[in-house]
Protein chains: 2
Amino acid sequence: MNETLEDVTTIFTDFLAKKNLRMTNQRNLILKMFLSTEKHVSSDDLYSLIRKQDNTIGQATVYRTLKLLAEAEIATIVEFGDGVARYEHIYLHQHHDHLICEGCNIHIEVVDDDIERLQVRLAKKYGFTLTSHKMYLYGKCEKCQNISSL
Amino acid sequence: MNETLEDVTTIFTDFLAKKNLRMTNQRNLILKMFLSTEKHVSSDDLYSLIRKQDNTIGQATVYRTLKLLAEAEIATIVEFGDGVARYEHIYLHQHHDHLICEGCNIHIEVVDDDIERLQVRLAKKYGFTLTSHKMYLYGKCEKCQNISSL
DNA sequence: CTTTTTATTGTAAAATCTTATCAATATATT
DNA sequence: AATATATTGATAAGATTTTACAATAAAAAG
Ligand SMILES: [Zn+2]
Ligand SMILES: [Zn+2]
Ligand SMILES: [Zn+2]
Ligand SMILES: [Zn+2]
(Lines give C-alpha, C1' and ligand atoms only; values in the text may rest on other atoms or scores of the structure.)
(Ligands and ions follow the chains in the order given, each with its own letter.)
Protein backbone atom coordinates (compact mmCIF):
# COMPACT_ATOMS: atom_id res chain seq x y z
CA MET A 1 0.00 0.00 0.00
CA ASN A 2 1.25 3.50 -0.78
CA GLU A 3 -1.16 5.88 0.86
CA THR A 4 0.15 9.23 1.98
CA LEU A 5 -0.53 10.80 5.35
CA GLU A 6 -3.17 12.96 3.70
CA ASP A 7 -4.90 9.93 2.23
CA VAL A 8 -5.05 8.17 5.57
CA THR A 9 -6.24 11.32 7.29
CA THR A 10 -9.05 11.55 4.79
CA ILE A 11 -9.92 7.93 5.31
CA PHE A 12 -10.09 8.47 9.04
CA THR A 13 -12.09 11.67 8.73
CA ASP A 14 -14.59 9.92 6.48
CA PHE A 15 -14.81 7.02 8.88
CA LEU A 16 -15.49 9.42 11.72
CA ALA A 17 -18.07 11.36 9.74
CA LYS A 18 -19.96 8.18 8.99
CA LYS A 19 -20.29 7.63 12.72
CA ASN A 20 -21.20 11.25 13.47
CA LEU A 21 -17.82 11.79 15.05
CA ARG A 22 -15.49 14.68 14.44
CA MET A 23 -11.93 15.08 13.32
CA THR A 24 -10.23 17.10 16.02
CA ASN A 25 -6.77 18.51 16.55
CA GLN A 26 -6.03 15.77 19.07
CA ARG A 27 -7.15 12.97 16.79
CA ASN A 28 -5.21 14.48 13.97
CA LEU A 29 -2.03 14.69 15.99
CA ILE A 30 -2.42 11.19 17.36
CA LEU A 31 -2.91 9.79 13.88
CA LYS A 32 0.09 11.69 12.58
CA MET A 33 2.33 10.50 15.38
CA PHE A 34 1.03 6.98 15.12
CA LEU A 35 1.81 6.79 11.41
CA SER A 36 5.25 8.26 11.97
CA THR A 37 6.23 5.46 14.31
CA GLU A 38 7.53 2.18 13.09
CA LYS A 39 5.81 -0.91 14.33
CA HIS A 40 4.49 -1.92 17.67
CA VAL A 41 3.56 0.98 19.91
CA SER A 42 1.49 0.64 23.03
CA SER A 43 -0.97 3.33 23.90
CA ASP A 44 1.44 4.46 26.55
CA ASP A 45 4.39 4.58 24.14
CA LEU A 46 2.40 6.78 21.84
CA TYR A 47 1.21 8.95 24.71
CA SER A 48 4.81 9.63 25.73
CA LEU A 49 5.79 10.49 22.18
CA ILE A 50 2.89 12.87 21.75
CA ARG A 51 3.42 14.63 25.05
CA LYS A 52 6.72 15.91 23.73
CA GLN A 53 4.80 17.89 21.13
CA ASP A 54 1.72 18.68 23.15
CA ASN A 55 1.78 18.12 26.87
CA THR A 56 -1.86 19.01 27.34
CA ILE A 57 -3.10 15.83 25.70
CA GLY A 58 -4.81 13.29 27.92
CA GLN A 59 -3.92 9.64 28.22
CA ALA A 60 -7.51 8.57 27.77
CA THR A 61 -7.72 10.38 24.46
CA VAL A 62 -4.87 8.28 23.13
CA TYR A 63 -6.59 5.09 24.23
CA ARG A 64 -9.84 6.22 22.70
CA THR A 65 -8.27 7.25 19.44
CA LEU A 66 -6.32 4.04 19.00
CA LYS A 67 -9.54 2.11 19.46
CA LEU A 68 -11.14 4.20 16.77
CA LEU A 69 -8.17 3.70 14.46
CA ALA A 70 -8.46 -0.03 14.92
CA GLU A 71 -12.16 0.14 14.18
CA ALA A 72 -11.41 2.15 11.07
CA GLU A 73 -8.94 -0.57 10.09
CA ILE A 74 -6.08 1.89 10.00
CA ALA A 75 -4.47 0.14 12.96
CA THR A 76 -4.37 -3.46 14.12
CA ILE A 77 -3.63 -4.83 17.53
CA VAL A 78 -0.58 -6.99 17.99
CA GLU A 79 -0.34 -9.02 21.17
CA PHE A 80 2.98 -10.38 22.29
CA GLY A 81 1.60 -11.96 25.41
CA ASP A 82 2.74 -9.52 28.07
CA GLY A 83 -0.74 -8.14 28.65
CA VAL A 84 -0.10 -4.93 26.77
CA ALA A 85 -1.97 -4.07 23.60
CA ARG A 86 0.33 -2.78 20.91
CA TYR A 87 -0.74 -1.26 17.63
CA GLU A 88 0.70 -1.06 14.18
CA HIS A 89 -0.62 0.67 11.08
CA ILE A 90 -2.04 -1.16 8.13
CA TYR A 91 -2.02 1.73 5.72
CA LEU A 92 1.49 2.71 4.67
CA HIS A 93 2.50 -0.75 5.77
CA GLN A 94 1.37 -3.99 4.30
CA HIS A 95 0.22 -7.10 6.07
CA HIS A 96 2.87 -9.20 7.70
CA ASP A 97 3.31 -11.78 10.39
CA HIS A 98 5.88 -11.97 13.17
CA LEU A 99 8.94 -14.07 13.70
CA ILE A 100 10.21 -13.69 17.23
CA CYS A 101 13.48 -14.86 18.77
CA GLU A 102 12.99 -16.24 22.27
CA GLY A 103 16.63 -15.57 23.02
CA CYS A 104 17.23 -11.94 22.18
CA ASN A 105 13.62 -11.00 21.59
CA ILE A 106 14.08 -9.48 18.15
CA HIS A 107 10.99 -9.24 16.00
CA ILE A 108 11.13 -9.78 12.27
CA GLU A 109 8.21 -9.02 10.01
CA VAL A 110 7.61 -11.79 7.52
CA VAL A 111 5.14 -12.83 4.87
CA ASP A 112 4.86 -16.10 3.04
CA ASP A 113 2.46 -16.02 0.14
CA ASP A 114 2.02 -19.79 0.17
CA ILE A 115 0.96 -19.72 3.79
CA GLU A 116 -1.38 -16.82 3.13
CA ARG A 117 -3.03 -18.85 0.38
CA LEU A 118 -3.33 -21.97 2.49
CA GLN A 119 -4.93 -20.02 5.31
CA VAL A 120 -7.75 -19.08 2.99
CA ARG A 121 -8.08 -22.69 1.90
CA LEU A 122 -8.13 -23.92 5.47
CA ALA A 123 -10.84 -21.46 6.43
CA LYS A 124 -12.89 -22.36 3.41
CA LYS A 125 -12.72 -26.02 4.42
CA TYR A 126 -14.81 -25.06 7.45
CA GLY A 127 -17.16 -22.83 5.49
CA PHE A 128 -15.48 -19.66 6.68
CA THR A 129 -14.61 -16.57 4.70
CA LEU A 130 -11.40 -15.15 6.05
CA THR A 131 -11.11 -11.49 6.91
CA SER A 132 -7.78 -11.41 8.71
CA HIS A 133 -5.30 -13.46 10.65
CA LYS A 134 -2.44 -13.25 13.06
CA MET A 135 0.53 -15.55 13.03
CA TYR A 136 3.41 -15.50 15.47
CA LEU A 137 6.39 -17.77 14.96
CA TYR A 138 8.61 -18.29 17.99
CA GLY A 139 12.09 -19.71 17.80
CA LYS A 140 15.75 -18.94 18.04
CA CYS A 141 17.72 -16.76 15.67
CA GLU A 142 21.06 -17.82 14.33
CA LYS A 143 23.03 -15.91 16.93
CA CYS A 144 21.03 -17.25 19.85
CA GLN A 145 21.22 -20.82 18.59
CA ASN A 146 24.98 -20.64 18.80
CA ILE A 147 24.98 -19.03 22.23
CA SER A 148 22.74 -21.67 23.73
CA SER A 149 24.89 -24.47 22.32
CA LEU A 150 28.04 -23.25 24.06
CA MET B 1 -0.19 -37.29 22.33
CA ASN B 2 -1.69 -39.84 24.64
CA GLU B 3 -0.25 -39.19 28.06
CA THR B 4 -2.33 -40.12 31.05
CA LEU B 5 -2.92 -37.89 34.04
CA GLU B 6 -0.26 -39.85 35.90
CA ASP B 7 2.26 -39.29 33.13
CA VAL B 8 1.66 -35.57 33.09
CA THR B 9 1.82 -35.40 36.87
CA THR B 10 5.18 -37.11 36.75
CA ILE B 11 6.38 -34.73 34.08
CA PHE B 12 5.35 -31.78 36.21
CA THR B 13 6.86 -33.22 39.37
CA ASP B 14 10.14 -33.79 37.57
CA PHE B 15 10.07 -30.30 36.16
CA LEU B 16 9.53 -28.91 39.64
CA ALA B 17 12.27 -31.06 41.16
CA LYS B 18 14.73 -29.79 38.60
CA LYS B 19 14.03 -26.27 39.83
CA ASN B 20 14.12 -27.21 43.50
CA LEU B 21 10.40 -26.78 43.75
CA ARG B 22 7.95 -29.15 45.36
CA MET B 23 4.87 -30.98 44.26
CA THR B 24 2.17 -29.98 46.70
CA ASN B 25 -1.49 -30.86 47.19
CA GLN B 26 -2.51 -27.53 45.73
CA ARG B 27 -0.37 -27.88 42.63
CA ASN B 28 -1.59 -31.42 42.18
CA LEU B 29 -5.22 -30.41 42.39
CA ILE B 30 -4.74 -27.47 40.07
CA LEU B 31 -3.05 -29.66 37.49
CA LYS B 32 -5.78 -32.28 37.76
CA MET B 33 -8.55 -29.74 37.34
CA PHE B 34 -6.72 -28.00 34.54
CA LEU B 35 -6.34 -31.21 32.57
CA SER B 36 -9.96 -32.12 33.16
CA THR B 37 -11.17 -28.94 31.47
CA GLU B 38 -11.56 -28.63 27.77
CA LYS B 39 -9.81 -25.75 26.14
CA HIS B 40 -9.42 -22.15 27.02
CA VAL B 41 -9.65 -21.49 30.75
CA SER B 42 -8.60 -18.27 32.38
CA SER B 43 -6.92 -18.37 35.73
CA ASP B 44 -10.15 -17.13 37.21
CA ASP B 45 -12.23 -19.81 35.47
CA LEU B 46 -9.98 -22.44 36.92
CA TYR B 47 -10.03 -20.83 40.33
CA SER B 48 -13.83 -20.98 40.40
CA LEU B 49 -13.81 -24.63 39.35
CA ILE B 50 -11.30 -25.59 41.99
CA ARG B 51 -13.04 -23.74 44.79
CA LYS B 52 -15.96 -26.13 44.43
CA GLN B 53 -13.66 -28.92 45.53
CA ASP B 54 -11.47 -26.99 47.92
CA ASN B 55 -12.54 -23.54 49.00
CA THR B 56 -9.38 -22.87 50.95
CA ILE B 57 -7.27 -22.47 47.85
CA GLY B 58 -5.92 -19.03 47.06
CA GLN B 59 -6.32 -17.17 43.81
CA ALA B 60 -2.64 -16.33 43.66
CA THR B 61 -1.73 -19.99 43.85
CA VAL B 62 -3.72 -20.67 40.71
CA TYR B 63 -1.97 -17.85 38.89
CA ARG B 64 1.38 -19.08 40.08
CA THR B 65 0.73 -22.66 39.14
CA LEU B 66 -0.53 -21.85 35.67
CA LYS B 67 2.66 -19.90 35.07
CA LEU B 68 4.68 -22.90 36.13
CA LEU B 69 2.64 -25.20 33.92
CA ALA B 70 3.32 -22.94 30.98
CA GLU B 71 7.01 -22.94 31.79
CA ALA B 72 6.92 -26.72 31.99
CA GLU B 73 5.28 -26.72 28.57
CA ILE B 74 2.25 -28.52 29.87
CA ALA B 75 0.10 -25.47 29.21
CA THR B 76 0.20 -22.74 26.60
CA ILE B 77 -1.30 -19.30 26.70
CA VAL B 78 -3.99 -18.43 24.22
CA GLU B 79 -4.85 -14.78 23.79
CA PHE B 80 -8.08 -13.79 22.18
CA GLY B 81 -7.46 -10.10 22.58
CA ASP B 82 -9.73 -9.24 25.50
CA GLY B 83 -6.88 -8.77 27.92
CA VAL B 84 -7.41 -12.07 29.66
CA ALA B 85 -4.82 -14.83 29.52
CA ARG B 86 -6.36 -18.19 28.84
CA TYR B 87 -4.61 -21.51 29.00
CA GLU B 88 -4.96 -24.84 27.29
CA HIS B 89 -3.08 -28.08 27.82
CA ILE B 90 -0.60 -29.42 25.34
CA TYR B 91 -0.34 -32.88 26.78
CA LEU B 92 -3.49 -34.93 26.18
CA HIS B 93 -4.25 -32.46 23.42
CA GLN B 94 -2.24 -31.95 20.33
CA HIS B 95 -1.15 -28.72 18.73
CA HIS B 96 -3.76 -26.75 16.87
CA ASP B 97 -4.51 -23.28 15.70
CA HIS B 98 -7.71 -21.24 15.98
CA LEU B 99 -10.38 -20.29 13.53
CA ILE B 100 -12.66 -17.67 15.00
CA CYS B 101 -15.96 -16.32 13.70
CA GLU B 102 -16.26 -12.58 14.19
CA GLY B 103 -20.02 -12.88 13.99
CA CYS B 104 -20.98 -15.50 16.56
CA ASN B 105 -17.58 -15.84 18.17
CA ILE B 106 -17.31 -19.61 17.86
CA HIS B 107 -13.81 -21.03 18.05
CA ILE B 108 -12.78 -24.00 15.95
CA GLU B 109 -9.50 -25.79 16.48
CA VAL B 110 -7.74 -26.48 13.22
CA VAL B 111 -4.47 -27.80 11.89
CA ASP B 112 -3.11 -27.73 8.39
CA ASP B 113 -0.03 -29.85 7.90
CA ASP B 114 1.03 -27.91 4.82
CA ILE B 115 0.98 -24.66 6.74
CA GLU B 116 2.88 -26.23 9.61
CA ARG B 117 5.57 -27.31 7.17
CA LEU B 118 5.78 -23.93 5.49
CA GLN B 119 6.13 -22.19 8.82
CA VAL B 120 9.31 -24.14 9.45
CA ARG B 121 10.55 -23.26 5.99
CA LEU B 122 9.78 -19.59 6.49
CA ALA B 123 11.63 -19.49 9.78
CA LYS B 124 14.59 -21.30 8.29
CA LYS B 125 14.75 -18.67 5.54
CA TYR B 126 15.68 -16.18 8.27
CA GLY B 127 18.09 -18.53 10.00
CA PHE B 128 15.61 -19.34 12.76
CA THR B 129 14.86 -22.69 14.30
CA LEU B 130 11.20 -22.80 15.15
CA THR B 131 10.04 -23.90 18.57
CA SER B 132 6.36 -22.97 18.46
CA HIS B 133 3.82 -20.75 16.85
CA LYS B 134 0.38 -19.28 17.24
CA MET B 135 -2.00 -18.70 14.41
CA TYR B 136 -5.43 -17.12 14.66
CA LEU B 137 -7.69 -16.97 11.65
CA TYR B 138 -10.55 -14.50 11.84
CA GLY B 139 -13.54 -14.56 9.55
CA LYS B 140 -17.19 -15.36 9.24
CA CYS B 141 -18.72 -18.79 9.53
CA GLU B 142 -21.32 -19.99 7.05
CA LYS B 143 -24.24 -19.03 9.24
CA CYS B 144 -22.93 -15.54 9.93
CA GLN B 145 -22.14 -14.89 6.29
CA ASN B 146 -25.78 -15.42 5.45
CA ILE B 147 -27.02 -13.29 8.30
CA SER B 148 -24.86 -10.32 7.34
CA SER B 149 -25.93 -10.54 3.71
CA LEU B 150 -29.63 -10.18 4.50
C1' DC C 1 12.45 -37.88 66.11
C1' DT C 2 13.67 -33.08 66.87
C1' DT C 3 15.75 -29.06 64.91
C1' DT C 4 16.81 -26.24 61.15
C1' DT C 5 16.36 -24.78 56.64
C1' DT C 6 13.78 -24.01 52.62
C1' DA C 7 9.70 -23.62 49.84
C1' DT C 8 4.66 -22.75 49.67
C1' DT C 9 0.42 -20.83 50.73
C1' DG C 10 -3.39 -17.50 51.46
C1' DT C 11 -4.51 -12.89 52.34
C1' DA C 12 -4.27 -8.55 51.17
C1' DA C 13 -1.98 -4.74 49.16
C1' DA C 14 0.08 -3.02 45.05
C1' DA C 15 0.94 -2.61 40.25
C1' DT C 16 -0.70 -2.44 35.46
C1' DC C 17 -3.45 -1.58 31.87
C1' DT C 18 -7.87 -0.05 30.32
C1' DT C 19 -12.48 1.92 30.64
C1' DA C 20 -16.08 4.93 32.58
C1' DT C 21 -17.61 9.32 34.69
C1' DC C 22 -18.19 14.04 34.42
C1' DA C 23 -17.78 18.91 34.17
C1' DA C 24 -15.50 22.06 31.02
C1' DT C 25 -14.55 23.02 26.32
C1' DA C 26 -14.77 22.81 21.42
C1' DT C 27 -17.32 21.93 17.25
C1' DA C 28 -21.33 21.69 14.37
C1' DT C 29 -26.29 22.92 13.50
C1' DT C 30 -30.13 25.85 13.62
C1' DA D 1 -25.95 34.22 18.27
C1' DA D 2 -28.23 30.32 20.40
C1' DT D 3 -28.71 25.50 20.82
C1' DA D 4 -27.38 20.88 20.46
C1' DT D 5 -23.89 17.51 20.11
C1' DA D 6 -19.39 15.59 20.52
C1' DT D 7 -14.76 15.76 22.71
C1' DT D 8 -11.49 16.45 26.06
C1' DG D 9 -8.56 15.94 30.23
C1' DA D 10 -8.55 14.68 34.93
C1' DT D 11 -9.67 11.45 37.83
C1' DA D 12 -12.05 7.55 39.64
C1' DA D 13 -13.24 2.96 38.92
C1' DG D 14 -12.60 -1.72 36.89
C1' DA D 15 -10.21 -5.63 35.78
C1' DT D 16 -6.41 -8.67 35.66
C1' DT D 17 -2.09 -9.98 37.38
C1' DT D 18 1.91 -9.60 40.53
C1' DT D 19 4.14 -8.83 44.89
C1' DA D 20 4.91 -8.77 49.99
C1' DC D 21 4.78 -11.15 53.94
C1' DA D 22 3.61 -13.77 57.96
C1' DA D 23 1.89 -18.43 58.79
C1' DT D 24 2.29 -23.11 57.41
C1' DA D 25 4.05 -27.19 55.30
C1' DA D 26 7.72 -29.99 53.50
C1' DA D 27 12.45 -31.50 53.17
C1' DA D 28 17.10 -31.91 55.00
C1' DA D 29 20.17 -32.18 58.69
C1' DG D 30 21.29 -33.47 63.04
ZN1 LIG E 1 0.03 -13.44 7.21
ZN1 LIG F 1 18.14 -13.94 18.88
ZN1 LIG G 1 -0.22 -24.57 13.86
ZN1 LIG H 1 -20.57 -17.56 13.18
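Chain A is the first sequence line, chain B the second, and so forth, proteins listed ahead of strands; every chain is numbered from 1.
Taking atom CD of residue A/E79 and atom C1' of nucleotide C/dC17, one finds them 12 Å apart after rounding to whole Å. Per the geometry, CE belonging to A/M23 stands 18 Å off C1' belonging to D/dT5, to the nearest Å. Distance, B/N25 CG to C/dT9 P: 9 Å, rounded to whole Å. What separates NZ of A/K18 from P of D/dA6 is a distance of 18 Å, to the nearest Å. For A/N28 and D/dT7, the CG to P distance is 14 Å, given to the nearest whole Å. The distance from atom CD of A/Q26 to atom P of C/dT27 is 8 Å, rounded to the nearest whole Å. Rounded to whole Å, the distance from CG on B/L66 to C1' on C/dT8 is 16 Å.
A/Q119 has its side chain within reach of B/I115: a pair of non-hydrogen atoms, C-beta onward, lies under 4.5 Å apart.
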Only distances under 3.5 Å count here; give the side-chain donor-acceptor pairs of residues 63-81 of chain A to other protein atoms, sequence neighbours excluded, each with its distance to 0.1 Å.
unit_1, atom_1, unit_2, atom_2, d
A/T65, OG1, A/T61, O, 2.7
A/E71, OE2, A/K19, NZ, 2.4

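Between B/A60 and B/D82, the residue whose closest nucleotide on DNA chain D is further toward the 5' end is B/D82.
Contacts between residues 40-59 of chain A and DNA chain D, counted as heavy-atom distances below 4.0 Å, involve A/T56, A/I57, A/G58.
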I'd like a table of atom pairs between the protein and nucleotides 2-7 of chain C - only N or O on both sides, under 3.5 Å - with the distance next to each one.
unit_1, atom_1, unit_2, atom_2, d
C/dT6, O2, B/R22, NH1, 3.3
C/dT6, O2, B/R22, NH2, 3.2
C/dA7, O4', B/R22, NH1, 3.1
C/dA7, O4', B/R22, NH2, 3.2

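Side-chain rings of A/H89 and A/F34 approach one another, their centers coming within less than 6.0 Å.
The shortest distance between the side-chain N/O atoms of B/T61 and the OP1/OP2 oxygens of C/dT9 is not below 4.0 Å. The side chain of A/T24 contributes an N or O atom lying less than 4.0 Å from OP1 or OP2 of D/dT8. Between B/Y63 and D/dT17 there is a side-chain polar atom (N or O) within less than 4.0 angstrom of OP1 or OP2.
If you check C/dG10, D/dG9, C/dT18 against the side chain of A/R64, the one that comes closest is D/dG9.
A donor-acceptor pair shorter than 3.5 Å can be found between the side chains of A/T4 and A/D7. There is a side-chain donor-acceptor pair under 3.5 Å between B/T56 and B/D54.
Using a 30° and 60° split on the angle between ring planes, A/H40 and A/H98 fall in the perpendicular class, above 60°.
B/Q145 places a side-chain N or O within donor-acceptor distance of the main-chain N or O of A/G127, the cut-off being under 3.5 Å. With hydrogens and angles disregarded, a donor-acceptor distance shorter than 3.5 Å links the side chain of B/T131 to the backbone of A/Y138.
Looking at B/R121 and A/D112, a side-chain N of the basic residue comes within less than 4.0 Å of a carboxylate O on the acidic one, giving a salt bridge.
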